[in-house]
Amino acid sequence: MQAVVPPALAGAVIRKRFGVGESAIKALREVDVTIPSGVFTAVVGPSGSGKLTLLHCLAGLETLTSGLVSLAGVEINGLSDTELARLRRDEISFIFQPYNLLPTLTVRQNILLPLDLAGRAVDRPWFDRVVEVLGLGDRLDHRPAQLSGGQQVRVAAARALVTRPAVVFADEPTGSLDTRSGAEVLSFLRTSVHELGQTVVMVTHDPVAASFADRVLFLVDGTVVSELMEPAADLVLDGLKTLEQGR
């Protein structure tokens, strides 16, 4: 019998409310979501649909109003601040804008920074593989100011991957890039999933960016309303238009 691979991340009946009383904002309303291991998942939806709030709740950056989130088999609800910080350090990586590369460090040093801060040894074969896949082998001794925008994002992606996290979260990773650089970054994220076995969750408003994912979750008014497998950009756009018209 083939072993069943547990999901990298799962959320059940997630609710998130900001404020109290009549002025309270219900950002998430009973969201159920499963993120399979080794899959590139994009979360899309109209502005104000709760995409970023969902990402923050799944990553343990926001406290749930109610519901459960399980990351790498661990329920994060009820963890102490220290336990949650340790879980995020060991099991989660982020690619957010800005990319927060340290200008005084080389590319190599920026990539290895999370391991240095955690006091963990470098897995040299894995480091070499990540660098090879992301095409950074000839840039390791450069500093961020010597890199293009696309190269800087690749360094941020390598830094996120080098710790071998359970999940990489990406928030609009191509939002400030031109079309070509954006496509490069999305291709590298897809490659990290299909060649390195990584799990990626990306929040985006861009149908073209979402089309690089394996699956798309459509979020509207704080609820996951549909899912699209093997998405094409025109299908994602049609789905977004339908959501906008139905609001």
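The residues of the chain are indexed from 1 along the displayed sequence.
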With no hydrogens and no angle check, is any side-chain donor or acceptor of [X] less than 3.5 Å from a backbone partner on [Y]?
{"X": "Thr199", "Y": "Gly38", "answer": "yes"}
{"X": "Thr65", "Y": "Arg17", "answer": "yes"}
{"X": "Arg88", "Y": "Gly60", "answer": "yes"}
{"X": "Arg143", "Y": "Thr104", "answer": "yes"}
{"X": "Lys16", "Y": "Ala27", "answer": "no"}

State, to 0.1 Å, how close Glu91 and Pro165 come at their nearest heavy-atom pair, and which atoms those are. O-CB, 3.4 Å
Compare every heavy atom of Leu240 with every heavy atom of Pro46, then report the nearest pair and how far apart it is. N-CD2, 4.4 Å
Worked check of side-chain contact (heavy atoms from CB on, under 4.5 Å) between Ile14 and Leu58: CA-CA 9 Å; Ile14 299 173; Leu58 293 176; 4.0 Å; yes
Pairs of donor and acceptor atoms involving the side chains of residues 68-80, under 3.5 Å and at least two apart or interchain, shall be tabulated with distances.
| residue | atom | partner | partner atom | Å |
| --- | --- | --- | --- | --- |
| Asn77 | OD1 | Val69 | N | 3.0 |
| Asn77 | ND2 | Gly67 | O | 2.9 |
| Ser80 | OG | Glu83 | N | 3.1 |
| Ser80 | OG | Glu83 | OE1 | 3.3 |

What is the distance from atom CG of Leu102 to atom CD of Gln109, rounded to the nearest 0.5 Å? 9.5 Å
Got a second to check how far Glu227's CD is from Thr41's OG1, nearest 0.5 Å? 8.0 Å
Going by the rule side-chain contact (heavy atoms from CB on, under 4.5 Å), which residues pair with Phe188 if we only count those two or more places apart in sequence or in a different chain? Leu134, Arg154, Glu184
Apply side-chain contact (heavy atoms from CB on, under 4.5 Å) to Leu217 and Lys51, showing your working. CA-CA 10 Å; Leu217 302 179; Lys51 300 186 298 295; over 6 Å; no
Candidate pair Glu172 and His205, rule side-chain contact (heavy atoms from CB on, under 4.5 Å), full reasoning: CA-CA 8 Å; Glu172 299 283 3; His205 69 283; 2.9 Å; yes
Side chain proximity check, Leu136 to Ile111, heavy atoms < 4.5 angstrom: yes
Would you check, one step at a time, whether the test side-chain hydrogen bond (donor to acceptor under 3.5 Å, both in side chains) holds for Arg29 with Thr223? CA-CA 6 Å; Arg29 306 166 184 258; Thr223 302; 5.3 Å; no
